[in-house]
Structure formats: C-alpha cells, structure tokens
Amino acid sequence: MPSIVDQTVFSEPSGGLFPVVQLCGAVVFSALYWQYAIVEQSLSGGWLLFMIVGTALSGLAEALPKNRRRAAGVLRLAAILVLTSLLAILFLARELLGL
C-alpha cells in the first residue's frame with residue numbers, strides 16, 4: 001500500500017510553467033544575495049543561499065521528464081532538507097546566518 005509521502009514526493013514531475021517560476025525565483029534570490037554580498041558588502045544575506053539552493057532543486061525536480069520519478073523525488077527531498085535546515089538554523093543558531 002503506497003503512503004501519502006510516497007505518492008507526493010515520488011510523483012511525476014509537473015512540468016509546464018511551475019519549474020520556470022521556481023527557477024526564476026532562484027535567480028531573484030541570487031540577485032538579492034548579490035546585492036547583499038557585493039554592493040552592500042554585508043554577510044547578513046546567508047539565509048538567501050539556502051533559499052537559492054532550495055528553490056533551484058525544487059525547480060529542477062519539476063523540470064525533469066515524466067519518466068524520471070525517482071530522480072525528481074530525490075531532488076524534492078533534497079530541497080525539503082535544505083529548507084528545513086534553514087528553519088532549524090533560524091531557531092537554534094541564528095548567529096550562523098548573520099542575523
């Protein structure tokens with residue numbers, strides 16, 4: 001009997017416009033990080049690195065062909081792990097992000 005997690009995480013990649021939106025989000029986060037790091041010469045944008053990686057992994061997972069369910073699931077799990085670790089760091093060790 002398949003579980004809800006198995007059906008959700010290892011489902012077929014959605015394709016269409018959704019991966020484009022997520023990858024554009026990663027580009028926007030990259031531009032914001034560039035603004036923090038280069039222009040303002042500040043290291044307070046460390047949380048943006050997690051957002052860049054999380055949205056890029058999720059966008060890549062959805063951009064895969066329909067027959068690559070396992071690879072899409074692994075990329076989705078990696079994105080969830082990255083974004084969850086950002087939340088954990090925010091609550092447990094805020095100084096690591098430069099906040």
Can you measure from CZ (Phe18) to CG (Leu23) and round to the nearest 0.5 angstrom?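 The distance works out to 10.0 Å.
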Side-chain heavy atoms of [X] within contact of [Y], under 4.5 Å:
X	Y	result
Ile89	Phe50	yes
Thr55	Phe29	yes
Leu57	Ile80	no
Leu60	Gln22	no

Worked check of side-chain contact (heavy atoms from CB on, under 4.5 Å) between Val21 and Leu17: CA-CA 6 Å; Val21 171; Leu17 191 60; 4.2 Å; yes
Criterion side-chain contact (heavy atoms from CB on, under 4.5 Å) on Trp47 and Leu90, from CA distance to verdict: CA-CA 9 Å; Trp47 61 274; Leu90 276 173; 5.6 Å; no
Heavy-atom pair of closest approach, residues Leu75 and Ala61: CB-CB, 3.6 Å
In terms of heavy-atom contacts, Gly54 and Ala79 come closest through O-CB, 3.5 Å
For Leu81, is there any backbone N or O sitting under 3.5 Å from a side-chain donor or acceptor partner on Ser85?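 Between the backbone of Leu81 and the side chain of Ser85 there is a qualifying donor-acceptor contact (under 3.5 Å).
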Joint cluster assignment, Leu32 & Leu83, ILVMFWY side-chain distance < 4.5 Å: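 Same cluster.
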